[in-house]
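We name chains A, B, ... by the order of the sequence lines, and we start the count at 1 in each one.
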There are 2 protein chains.
Amino acid sequence: MFGQVLKLKHERVAEQLAREIRGGRLALGSQLPGEHALATRFDVSRNTVRQALADLIRQGLIETRSGKGSFVTFDGRTIDDRLGWSRALAEQGVPTTVRILRLELVHEPELAERFDLQSAECVAVDRLRSLDEGRAISIERSLVPAVGPLRNLPEQGLTGSLYAALRSAGLTPVQGEEWVDLSRVTQSDAELLGCAPGDLYLRTQRLSRDARGEFVEYVESLLNPDRFRLHLRFGEASE
Amino acid sequence: MFGQVLKLKHERVAEQLAREIRGGRLALGSQLPGEHALATRFDVSRNTVRQALADLIRQGLIETRSGKGSFVTFDGRTIDDRLGWSRALAEQGVPTTVRILRLELVHEPELAERFDLQSAECVAVDRLRSLDEGRAISIERSLVPAVGPLRNLPEQGLTGSLYAALRSAGLTPVQGEEWVDLSRVTQSDAELLGCAPGDLYLRTQRLSRDARGEFVEYVESLLNPDRFRLHLRFGEASE
DNA sequence: CTTGAGAACCTGTCCGAACATGTTCAGAAG
DNA sequence: CTTCTGAACATGTTCGGACAGGTTCTCAAG
């Protein structure tokens, strides 16, 4: 199920600090305790604390300045929907709950044509994401190939995350394309999202393939622009 | 000035190994010496070697498998072409003209603080892009470091593209971050864009750095969502 | 010949320590 | 009052060591 145990110490430390940041106990701009203090508090070495802080930096939650300290850069409002495929989607932002709107086998000849897929048989997974307080903030409609264990998703239901299901089916997204534009919310989507029809939402469309170029996922998301911000890291330092 | 010495040991190690990989002395698929061997060869600790290897992994040059070793994954092509890059695509084939709104030396201590820049002295270049029929569709505000020939931009004017000017100043963007969200157009921007104040526009903010991590450009764009769509290609096939 | 125990490699994680360098500020020197 | 200096404390880098766990091969037992 959920709540997989983090065995790695630096992951546990990072996880705990991330909770405090996202939960608002560590506000935007506030300074974290020093590395020595954190090492004492979590009963780990400073190196382990530094590794945890490096994780938080990668997630964009904090930044650290030499000689000064580490400071929260997370504004508590927006959720980074990372275009960078390498980011684990587990490190999503604010606590949210997801409701499955649809989970069924479908035929998508149009998609198969457009992206040159081997088969038009897909599993459709539509999800409505809400803040824990209840407000809906996004709709995510995924199409994944109906192969292997994924074929049984409609009967068995989706227990963990969709990405976990894809992984256990041997599908790991490592390349693809993504488009971002603005879209007006339809009448039916507006009812789900609790907004007015015609409201402007961020729309992202992403096609993912694995290392061999096989189709992994096509997902179209409608994101509340007050809650989501897209974040992309590109290139590499030569260092 | 140029050719800055890499003082950090793990950078020197990574640099040397990267040279051997890119130079072909370490071929695609071949195994690197073990971490202990590298530590002995470079006369550093294994931790330092591991830090260097982590850099190479991030650059996509190698991958390491637990219990087996590190293997070259670089296929010999130039690395500069494999940037994941998001680009605002103007409607293909629609000619646009650009008007320079501002071109001057400015002081940006806030930007320098936020992104840890060496100097707060920048050249500001604001541009208004319009369809040839006249309608304005975007505002792009750039800040580039006031170094070398760029310093003279305000007096000499911008003849070619800003990208060309950066290149001739030795600044080539190869890494960075980009954010995308929605923004309401201010009163003054609305006049420039010929839209109503408060209209929703796509806003992108991009910070670019060169291979050494030096600041190259910070650009904030306001894009008419009817005219622009963002497109990103990410990842790479394994072959 | 097949199998399995184990040696001998490898990388992964974590520790405590040392020293370098950046930042701040109180207090001495001018 | 202004300026400089140094203590105090922050992060940055590197070290050597320890142990866990994955991988491969050898070689003895069956």
side-chain N/O A/T64 vs D/dG12 OP1/OP2, d < 4.0 Å: yes
Whether A/R129 side chain and A/R127 backbone form a donor-acceptor pair below 3.5 Å: no
Any N/O pairs under 3.5 Å between the protein and nucleotides 14-18 of chain D? List them or say none.
| unit_1 | atom_1 | unit_2 | atom_2 | d |
| --- | --- | --- | --- | --- |
| D/dT14 | OP1 | B/K9 | N | 2.3 |
| D/dT14 | OP2 | B/H10 | ND1 | 2.7 |
| D/dC15 | OP1 | B/K9 | NZ | 3.0 |
| D/dC15 | OP2 | B/S45 | N | 2.9 |
| D/dC15 | OP2 | B/S45 | OG | 3.1 |
| D/dC15 | OP2 | B/T48 | OG1 | 2.2 |
| D/dC15 | N4 | B/N47 | ND2 | 3.4 |
| D/dG16 | O6 | B/N47 | ND2 | 2.3 |
| D/dA18 | N6 | B/R46 | NH2 | 3.4 |

All N/O contacts under 3.5 Å from nucleotides 22-24 of chain D to the protein, with atom names and distances to one decimal?
| unit_1 | atom_1 | unit_2 | atom_2 | d |
| --- | --- | --- | --- | --- |
| D/dG22 | N2 | B/G67 | O | 3.2 |

Whether A/S119 side chain and A/E121 backbone form a donor-acceptor pair below 3.5 Å: yes
Check: A/F215 ring centre within less than 6.0 Å of A/F115 ring centre: no
Atom pairs, protein N/O to nucleotides 5-8 of chain D N/O, distance under 3.5 Å:
none

Residues forming a salt bridge (Lys or Arg N to Asp or Glu O under 4.0 Å) with A/R41, sequence neighbours excluded: A/E20
C/dG12 OP1/OP2 closer than 4.0 Å to side-chain N/O of B/R50: yes
Whole-Å gap separating C1' (D/dG12) and CG (A/L38): 16 Å
Axial cation check for B/F42 ring with B/R12, 6.0 Å and 45° limits: no
Salt bridge (charged side-chain N to carboxylate O under 4.0 Å, His left out) partners of residues 23-32 of chain B, not counting sequence neighbours, each pair once: none
Show me, pair by pair, the donor-acceptor contacts under 3.5 angstrom made by side chains of residues 28-38 of chain B, not counting sequence neighbours?
| unit_1 | atom_1 | unit_2 | atom_2 | d |
| --- | --- | --- | --- | --- |
| B/S30 | OG | B/A27 | N | 3.3 |
| B/S30 | OG | B/A27 | O | 2.7 |
| B/Q31 | NE2 | B/K68 | O | 3.0 |
| B/E35 | OE1 | B/R46 | NH1 | 2.5 |
| B/E35 | OE2 | B/R50 | NH1 | 3.0 |

A/E220, A/E177, A/E217, A/E178 screened by side-chain hydrogen bond (donor to acceptor under 3.5 Å, both in side chains) with A/R206, the one that passes: A/E178
